[in-house]
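Note on naming: letters A, B, ... go to the chains in the order of the sequence lines (proteins, then strands), and numbering restarts at 1 for each one. As the structure is a computational prediction, the values presented were derived from the model and not from experiment.
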Amino acid sequence: MLEYNHREIEEKWQKFWAENKTFKCEVDHSKPKYYVLDMFPYPSGAGLHVGHPLGYIASDIYSRYKRLKGFNVLHPMGFDAHGLPAEQHAIDTGTHPAITTDKNIKRYREQLDRIGFSYDWDREVRTSDPQYYKWTQWTFIQLFKHWYNKKTDKAETIEDLVKEFETKGNAETVAVVTPYWYKSIDKNLFPFEEDRDGVFTADEWKDMTEKQKQEMLMNYRLAYLSDTMVNWCSALGTVLANDEVKDCFSERGGHPVERKLMKQWSLRVSAYAQRLLDGLDKIDWFESLKEMQRYWIGRSEGGSVFFRIKGFEDKLEVFTTRPDTLWGATFMVLAPEHELVEKITTPDRKEAVKKYVEWAKNRSERERQAETKKITGEFTGAYGINPVNGEKIPIWIADYVLTGYGTGAIMAVPAHDSRDFAFARNFNLPIIQVVVKEGEEPTDTQTWEDSYDAKEGKMINSGFINELDVKDAIKATIKYLEENELGYGTVNYRLRDAIFSRQRYWGEPFPIYYKDGMPYALDESKLPLELPEVDKYLPTRTGEPPLARAENWVTEDGYPLETNTMPGFAGSSGYYLRYMDSRNDKEYFSREANEYWRDIDLYLGGDEHATGHLIYSRFWNMFLYDLGLVCEEEPFKKLINQGKIQGRSSFVYRKNGTNEFVSYNLRKNYDTTRLHVDINLVDNDVLDIDAFRKWRPEFKNAGFILEDGKYICGWEIEKMSKSKHNVQNPDDLIEKYGADTFRMYEMFLGPLENHKPWDTKGIEGVYRFIKKLWRLFYDEKGKLIVNDKQPNEKELKVLHQTIRKIQEDIERFSFNTAVSQFMICVNELTDLKCHKKEILEKLVILISPYAPHIAEELWSVLGNEPGISYVAFPEFNEEYIKENIFEYPVSFNGKMRFKLELPVDMPKDEIEKAVLAEEKSQKYIAGKQVRKVIIVPKKIINVVV
RNA sequence: GCGGAUGUGGCGGAAUUGGUAGACGCGCCAGACUUAGGAUCUGGUGCCGCAAGGCGUGGGGGUUCGAGUCCCUUCAUCCGCACCA
């Protein structure tokens with residue numbers, strides 16, 4: 001071959017890999033397994049830009065490296081194919097989302113194939129494929145048929161629960177249930193007395209009708225149907241998850257979102273809160289990501305306290321992290337939405353309270369966020385009784401108390417909580433100090449400017465816990481509350497159950513039908529329940545989801561099927577398990593496959609999934625673990641978040657009111673407007689004026705004010721987006737430079753996890769490097785110049801330095817520094833005029849994970865059988881990099897002054913003599929006394945004078 | 001406000017355990033080849049200074065023979081959360 005021709009080489013080897021199924025992998029007990037996974041993409045219509053493949057390249061390099069190291073590597077890819085854009089497109093154009101999705105996947109696949117990834121495509125999954133979502137539906141049925149037993153701390157079958165009810169009722173059952181489910185229960189259906197708190201006997205259970213039993217079990221199921229306050233987006237006709245809503249508008253589309261009560265399927269993720277929290281300590285993720293999850297789970301320890309309400313039978317349950325401050329509780333606050341507000345409000349306060357509740361309800365989240373400092377509230381006229389001292393304290397309502405957290409009611413301790421303090425000051429409520437800092441005296445709270453948020457100190461004004469310090473006081477108070485049945489110690493979590501219903505078409509149908517108004521799971525043999533055809537992808541006129549449009553959307557027996565579909569995270573929660581055995585049509589995956597592949601050794605993806613996918617998948621996996629289906633409780637052993645690649649936008653400056661453009665450094669002399677210009681028209685910040693004039697009709701006759709005969713553009717780092725005209729797509733770059741250059745350059749940009757700007761110019765440096773590598777094999781005339789001569793010391797040294805560095809760098813995911821080392825190695829071999837097969841062969845293996853196409857080509861050029869993917873990674877040999885002499889940097893008082901070559905085995909005292917004897921040293925000693933000479937062998941020499 | 005991360009040349013970044021700061025690449029400068037260069041090759045390139053030398057890892061302070069690296073303090077930027085009881 002005359003010259004390096006990436007097009008020819010890359011096409012040739014991509015074909016070779018595909019035809020030979022080089023990367024097909026199977027369970028193989030003779031080799032250790034390694035599972036490398038990329039977060040699978042949603043195939044959008046725009047195709048890939050240079051930011052998308054960053055993580056895929058890194059994981060591909062790692063996979064190829066692990067193969068060379070003798071591992072059996074599972075490295076699959078697939079598509080998260082359900083989603084809003086395809087559905088939106090269907091609504092707009094009538095094209096079935098499946099068609100759009102297939103088209104987009106095809107395009108993604110072409111783009112991915114051109115980059116030379118070593119995926120086992122035989123294992124591809126698509127979440128929208130019935131053969132895949134069969135198992136999503138299957139898992140949902142299992143969730144529906146299980147409950148969470150707190151005694152055994154795992155999921156157990158509803159069947160067993162029913163047996164327990166039949167023999168003992170539910171008095172002894174300790175389950176994770178919907179809080180206060182018995183309060184919202186249909187009183188006509190269950191004539192329980194108020195203080196029964198939902199407890200029933202075995203006889204009562206047996207006397208229940210089928211419908212009553214089903215209603216009751218719903219409070220226990222891990223997938224359950226309940227009235228839920230949801231984020232309703234009427235423009236989309238659907239409910240959105242909290243993380244799909246930004247500032248009261250839908251993240252996709254930007255439509256307004258309101259709070260609304262609806263019957264929704266939910267997953268009882270909260271049952272797993274503690275295990276999800278504990279699991280974080282066992283996995284190797286970035287600390288920042290773990291912190292985000294910890295915060296999301298939001299564990300807080302404290303106590304629940306019951307307050308009687310004067311004149312009522314009802315009690316208010318309140319959660320507090322500081323039961324010790326109970327004596328300082330001078331009022332209570334309920335959320336405006338609290339169920340008891342209406343009941344307890346006194347007639348004289350009715351109007352004011354009603355007005356406030358109305359106002360708070362109609363306030364958007366955005367308003368509430370913007371006005372966090374504004375203090376509002378209203379007195380209900382009712383009083384609670386402080387259980388520890390019998391004090392009568394007023395009950396207020398205020399929107400700083402949230403319905404969704406704790407019980408929607410708090411005891412306010414103004415002296416030691418800043419919000420309570422502000423509230424008390426605003427409404428002139430008493431403030432009692434109950435904690436005093438060690439060694440200080442209590443002061444008059446009237447003089448305070450802020451609360452004392454005391455995490456430590458001694459208790460005062462607090463009855464029997466006086467003099468105790470905070471920690472002991474908390475324990476003592478809880479003990480007292482429990483003994484007197486006034487409360488109990490407890491743990492509260494912020495994590496909420498996941499709403500699992502969407503009023504959408506393009507998602508998994510629920511395997512659920514309704515009989516007598518109650519939901520039942522389809523028989524597993526009926527799966528997959530395929531998505532039906534509809535005439536339109538919109539809600540019905542009565543507001544029902546699109547599936548309600550389907551004809552005959554009923555079971556064989558004529559029972560109506562559920563019309564909601566599952567949300568986006570349904571299909572992605574267990575996809576990594578399906579890859580293990582993705583063509584299995586009998587089960588989700590075989591036991592054998594799961595016991596071999598176990599878990600993901602390396603998971604790569606963006607940090608935008610920190611609290612969505614990465615929590616739901618862990619939950620999904622833990623549930624399957626409880627069922628004994630998977631053998632690892634945590635699915636993602638190590639996880640790396642790759643950074644985003646930002647765009648580098650270019651700008652031109654138009655003189656206002658004209659069609660004349662001013663070069664960057666002259667723009668300040670004029671009134672100008674900055675406009676984004678397509679980065680393809682700019683090279684090295686110089687605008688191609690002719691191309692610019694052709695770019696858009698309105699610039700056809702544009703005039704220019706130049707500097708040095710050139711038009712210089714301004715630039716800025718921004719998000720890569722079409723509207724900013726700064727999108728780089730991989731296809732163009734691969735066409736011009738080849739996939740190998742593209743892969744290496746993406747890695748060379750900087751550390752994987754950093755966000756970094758895309759610099760189009762820099763890729764040429766890597767391209768030069770690849771061509772330089774080629775020239776170690778071929779001269780300018782295209783003649784092969786590789787020889788069989790024995791390598792010399794210098795050549796072996798640089799090779800083995802490279803072997804060591806590449807290995808170390810890949811192991812610590814430092815791909816950018818590895819690329820540098822390849823450059824150093826090739827530069828040195830070029831300088832040494834080394835064309836020796838023995839050296840080059842090893843180098844080609846080293847580089848094959850990074851630049852697999854050229855590596856395969858050169859490997860076969862050297863006379864090897866094609867197929868570099870499964871050869872052995874070169875062994876590092878220390879002998880070759882050993883040095884006899886070391887060039888010591890010699891410092892005086894810590895400043896490096898000159899270098900001195902000395903034998904590595906020279907004893908310290910001789911080194912000292914040699915240094916002091918050195919002529920150059922005299923200058924820096926300059927008659928002063930040498931106080932100390934520090935010698936670190938093979939590192940430095942420091943002379944202290 | 002809380003939590004996390006990051007600050008090193010003109011730019012991306014390197015320095016893995018406290019031991020030669022700026023590897024490697026871009027850009028820039030000079031030169032060679034060339035009809036030409038936005039091709040290729042060679043050399044130079046942290047800053048100030050003619051030089052000797054001095055100054056340099058956001059700022060200030062400390063520990064140490066020696067600090068980009070450790071400690072204290074402060075500033076800036078980015079990300080996440082945001083009345084969480």
Any A/Y295 side-chain N or O less than 4.0 Å from OP1/OP2 of B/C81: no
Side chains of A/R299 and A/E301 in contact at under 4.5 Å (non-hydrogen atoms): yes
Touch class at under 4.0 angstrom, heavy-atom based, for A/S288 against every strand present: sugar-phosphate
Residue list, side-chain hydrogen bond (donor to acceptor under 3.5 Å, both in side chains) with A/E883, at least two apart or on another chain: A/K797
Contact nearer the 5' end of RNA chain B, comparing A/K895 with A/T403: A/K895
Interatomic distance at C1', B/G10 relative to B/U16, whole Å: 29 Å
Inter-nucleotide P distance (B/G4, B/G53), Å rounded: 47 Å
Derivation and outcome, ring pair (Phe, Tyr, Trp, His ring centres under 6.0 Å), residues A/W758 and A/Y745: CA-CA 10 Å; A/W758 178 263; A/Y745 184 56; 5.2 Å; yes
Gap between atoms CD1 and P, on A/I806 and B/C24 respectively (whole Å): 15 Å
Nearest-Å distance for atom pair CZ/P, residues A/R322 and B/A85: 11 Å
Distance between C1' atoms of B/U17 and B/G25 (Å, rounded): 28 Å
Ring pair (Phe, Tyr, Trp, His ring centres under 6.0 Å) between A/F813 and A/Y62, intermediate numbers included: CA-CA 8 Å; A/F813 307 99; A/Y62 203 76; 4.8 Å; yes
Residue closer to the 5' end of RNA chain B, A/E287 versus A/T407 (nearest nucleotide): A/E287
N-glycosidic conformation, B/G43 - syn within 90 degrees of 0, else anti: anti
Residue pair A/F423, A/W396: steps toward the ring pair (Phe, Tyr, Trp, His ring centres under 6.0 Å) verdict: CA-CA 10 Å; A/F423 196 83; A/W396 285 65; 5.6 Å; yes
Atom-pair distance (CD on A/E746; P on B/C24), nearest Å: 23 Å
Atom P, compared across B/C50 and B/U42: separation rounded to whole Å: 32 Å
Assigned partner base of B/A5, Watson-Crick or wobble definition, under 3.5 Å: B/U77
Sugar-phosphate only, base, or nothing, as touched by A/N684 at under 4.0 Å among non-hydrogen atoms: sugar-phosphate
Side-chain heavy atoms of A/I934 within contact of A/I941, under 4.5 Å: no
Among B/A85, B/C26, B/G25, the one nearest A/N827 by side-chain distance: B/G25
Set of side chain to side chain contact (heavy atoms under 4.5 Å, CB included) partners for A/I432, sequence neighbours left out: A/T330, A/V434, A/N461
Distance, rounded to the nearest Å, where A/Y888 contributes OH and B/G66 contributes P: 20 Å
Mate of B/C28 where both pairing distances stay under 3.5 Å, Watson-Crick or G-U: B/G44
Beyond-backbone contact of A/Y400 with A/V333, side-chain heavy atoms, under 4.5 angstrom: yes
Partner nucleotide of B/G49 by Watson-Crick or wobble geometry (both distances under 3.5 Å): none
For atom CZ of A/F822 and atom P of B/G25, their distance in whole Å: 14 Å
Any-strand Watson-Crick or G-U partner of B/U35, both distances under 3.5 Å: none
Nucleotide forming a Watson-Crick or wobble pair with B/U57, both distances under 3.5 Å: none
Counter-base of B/G66, judged by Watson-Crick or G-U geometry with both distances under 3.5 Å: none
C1'-based separation of B/G9 from B/G58 [nearest Å]: 15 Å
B/G27 to B/G22 separation - C1' atoms, rounded to the nearest Å: 16 Å
Nucleic acid footprint by protein, nucleotides 13-21 of chain B - heavy-atom cut-off 4.0 Å, B for base, S for sugar-phosphate alone: SSSB--BB-
Of the listed nucleotides B/C24, B/A85, B/C26, the one nearest the side chain of A/Y405: B/A85
Between A/N726 and A/S649, a side-chain donor and acceptor under 3.5 Å: yes
Sugar-phosphate, base or nothing in reach of A/R897, heavy atoms under 4.0 Å: sugar-phosphate
Sugar-phosphate only, base, or nothing, as touched by A/D420 at under 4.0 Å among non-hydrogen atoms: nothing
Spacing of A/F423 atom CZ relative to B/A85 atom C1', expressed in whole Å: 14 Å
Any residue of residues 487-494 of chain A with a heavy atom less than 4.0 Å from an atom of RNA chain B: A/R494
Protein proximity profile, nucleotides 33-49 of chain B - base contact B, sugar-phosphate-only contact S, no contact -, cut-off 4.0 Å on heavy atoms: -------SS--------
Full working for salt bridge (charged side-chain N to carboxylate O under 4.0 Å, His left out) between A/R648 and A/D685: CA-CA 11 Å; A/R648 188 181 188 276; A/D685 292 336; 3.1 Å; yes
Base-pairing assignment for B/C83 (Watson-Crick or G-U wobble, both under 3.5 Å): none
Residue A/K761 excluded, over 12 heavy atoms near NZ under 6.0 Å: yes
Length of the line joining A/W758:CH2 and B/G25:P, which is rounded to integer Å: 18 Å
Nearest-angstrom distance, P atom, B/C81 to B/C29: 46 Å
B/G80 OP1/OP2 closer than 4.0 Å to side-chain N/O of A/R294: no
Shortest non-hydrogen contact between A/V50 and A/E746, atoms and distance: O-OE2, 2.6 Å
Distance in angstrom units between A/L54 CG and B/G12 P, rounded: 17 Å
Pairwise side-chain contact, A/Y295 with A/T611, heavy-atom cut-off 4.5 Å (strictly under): no
Hey, can you pull the donor-acceptor pairs under 3.5 Å for the side chains in residues 638-647 of chain A, sequence neighbours left out?
{"unit_1": "A/K638", "atom_1": "NZ", "unit_2": "A/D284", "atom_2": "OD2", "d": "3.1"}
{"unit_1": "A/N641", "atom_1": "ND2", "unit_2": "A/G605", "atom_2": "O", "d": "3.1"}
{"unit_1": "A/N641", "atom_1": "ND2", "unit_2": "A/G606", "atom_2": "O", "d": "3.4"}
{"unit_1": "A/Q642", "atom_1": "OE1", "unit_2": "A/G605", "atom_2": "N", "d": "3.2"}
{"unit_1": "A/Q646", "atom_1": "OE1", "unit_2": "A/K756", "atom_2": "N", "d": "3.3"}

Intermediate values then yes/no, salt bridge (charged side-chain N to carboxylate O under 4.0 Å, His left out), A/R294 and A/D281: CA-CA 11 Å; A/R294 285 193 190 107; A/D281 296 331; 3.4 Å; yes
Nearest-Å distance once atom C1' is located in both B/U8 and B/A76: 15 Å
